[in-house]
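One structure is given here, and the rest of the page talks about it.
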Amino acid sequence: MADRVVLAYSGGLDTCVGIGRLRDAGKDVVALTVDVGQGGEDIAAIRQRALDCGAVESIVIDAKDEFAGDHLVPALQANALYQKRYPLVSALSRPLIAKHLALTAKQLGADTVAHGCTGKGNDQVRFEAAVAALAPDLTSLAPVRDLALTRDQAIVHAQQHGLPIEQSERAPWSVDQNVWGRAVATGSLEDPWNAPDEQLYAYTQDPTVPQDPDDVTITFEQGVPVAIDGQRFSMLRVVQELNALAGKHGVGRIDVVEDRLVGIKSREVYEAPAAVALIAAHEELESLTLERDVNRYKRQVESDWADLVYDGLWFSGLKRSLDAFIAHTQQHVSGDVRLRLHAGRAVVTGRRSSQSLYDHDLATADAGDAFDQSWSKGFIDIWSLPSKISARRDLAN
Ligand code: ARG
């Protein structure tokens with residue numbers, strides 16, 4: 001009996017080539033498609049294409065709710081942005097796909113998994129590092145990386161091997177998408193001076209086309225968005241609804257030169273309307289409900305969290321410990337944030353919370369001031385005492 005390999009299958013060119021390569025090497029390929037809300041193509045068509053490429057079995061798992069609950073909620077609570085800009089769209093999905101690869105391999109008694117990544121990106125690291133952490137005895141194969149084909153060569157390779165690839169594979173960009181956003185790269189974007197073509201966007205409308213603003217109120221309970229304009233939704237639905245609402249105003253277009261883990265700088269364009277709107281709202285509610293020191297310390301933790309996830313260390317000890325810290329900070333992050341969606345931006349225009357630390361009587365510049373300004377003199381004397389003492393010494397030298 002041939003060796004069985006479970007391959008993470010997206011339906012795209014590289015994973016089709018992956019099936020062909022593994023089959024040629026005498027493997028029985030089980031194609032596993034994990035639906036994280038990539039939308040676009042019909043999932044039944046993707047499933048069938050795997051079989052047409054020569055997979056012995058093609059499995060589809062709907063992991064959209066799991067992705068939203070287990071990956072997007074922690075990402076939002078971490079206000080996670082890699083290099084302050086990128087909401088980790090692809091980096092968040094890889095560990096979940098890897099988890100299902102490992103589970104499926106176990107169920108089928110397979111000792112090998114595979115992915116269709118090339119050798120130049122982050123995703124190969126994320127898949128293999130996650131599999132190593134979850135199932136250390138599994139072997140990971142990377143049949144496409146081993147070939148090191150250019151995109152054109154991959155198309156020729158697929159045609160020569162009779163693999164049914166989509167016409168869309170001739171699309172001018174490489175795209176990875178899920179419910180948290182879209183990542184677009186290559187083609188005309190490889191020159192960082194080239195402006196992104198309007199055609200490459202799918203989740204957002206052109207923010208320069210004039211439209212009336214929309215106001216939207218997002219309700220959070222302990223750091224989880226639970227309602228939009230008073231209507232309760234699951235995390236998945238919140239994200240889907242906001243992709244539509246904020247996407248209509250062109251919110252969440254991100255054009256960056258990014259540092260990949262493998263040392264390459266790459267120009268990437270993202271669109272993540274819900275992610276950008278939700279992070280703006282969540283961060284604002286934290287400003288209202290977290291103590292100054294917790295908020296300030298959390299910003300450092302968030303940056304480390306985003307780096308770990310970007311670098312493929314979702315299932316690592318440090319990441320779990322940072323998760324615990326972040327989860328603990330969310331206890332009082334409950335309340336409403338109003339956003340104005342307009343011209344490519346999601347701007348906070350109001351916030352309120354039963355857990356608020358904002359004290360009107362302390363903050364007011366009007367009558368009713370409860371802050372005794374005479375406290376400030378002694379405070380500043382002590383606060384500046386070390387500077388005063390050292391300045392005296394320095395001036396005397
Ligand atoms: N640069 C982004 C990241 O590393 C996006 C990667 C997109 N992946 C892809 N196969 N097109 O997370």
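Just so you know, these numbers come straight off a predicted model, no measurement behind them. Values below: all heavy atoms of this structure, side chains included; hydrogens, waters and symmetry mates excluded. Remember, it's 1-based here, ligands and their atoms both numbered in the order they're listed.
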Looking only at protein heavy atoms, which one is nearest to [atom], and how far off is it?
atom: atom 2 (C) of ligand 1; result: Tyr270 OH, 3.1 Å
atom: atom 8 (N) of ligand 1; result: Asp123 OD2, 2.9 Å
atom: atom 4 (O) of ligand 1; result: Asn122 ND2, 2.6 Å
atom: atom 7 (C) of ligand 1; result: Ser90 OG, 3.3 Å
atom: atom 1 (N) of ligand 1; result: Glu258 OE2, 2.8 Å

Residues [X], [Y]: salt bridge by 4.0 Å N-O rule:
X: Asp293; Y: Arg296; answer: yes
X: Asp215; Y: Arg338; answer: no
X: Glu286; Y: Arg351; answer: no
X: Asp323; Y: Arg320; answer: no
X: Lys64; Y: Asp35; answer: yes
X: Arg85; Y: Asp255; answer: no

Hey, which atoms in ligand 1 end up nearer than 4.0 Å to a heavy atom of [X]?
X: Glu268; result: 1 (N), 2 (C), 5 (C)
X: Tyr86; result: 2 (C), 3 (C), 5 (C), 12 (O)
X: Ser174; result: 11 (N)
X: Asp176; result: 7 (C), 8 (N), 9 (C), 11 (N)
X: Ala183; result: 5 (C)

Looking at ligand 1, is there an atom of it that comes within less than 4.0 Å of some heavy atom belonging to Arg94?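 Contact check Arg94 vs ligand 1: positive.
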
Determine whether any heavy atom of Arg126 lies closer than 4.0 Å to an atom of ligand 1.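 Contact present.
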
Regarding Gln330 and His282, is there a side-chain donor-to-acceptor distance under 3.5 Å anywhere?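 There is such a pair between these side chains.
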
May I ask you to identify, for Arg260, whether its side chain, its backbone, both or neither come under 4.0 Å of ligand 1 on a heavy-atom basis?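 Arg260 to ligand 1: no contact under 4.0 Å from either part.
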
Is the ring pair Trp314/Trp305 parallel, tilted or perpendicular, if the boundaries are 30 and 60 degrees?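 Judged by the thresholds at 30° and 60°, the geometry between Trp314 and Trp305 is perpendicular.
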
Once salt bridge (Lys or Arg N to Asp or Glu O under 4.0 Å) is applied, do any residues pair with Asp65, and if so which ones, sequence neighbours excluded?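 Once residues adjacent in sequence are excluded, Asp65 has no partner under the salt bridge (Lys or Arg N to Asp or Glu O under 4.0 Å) criterion.
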
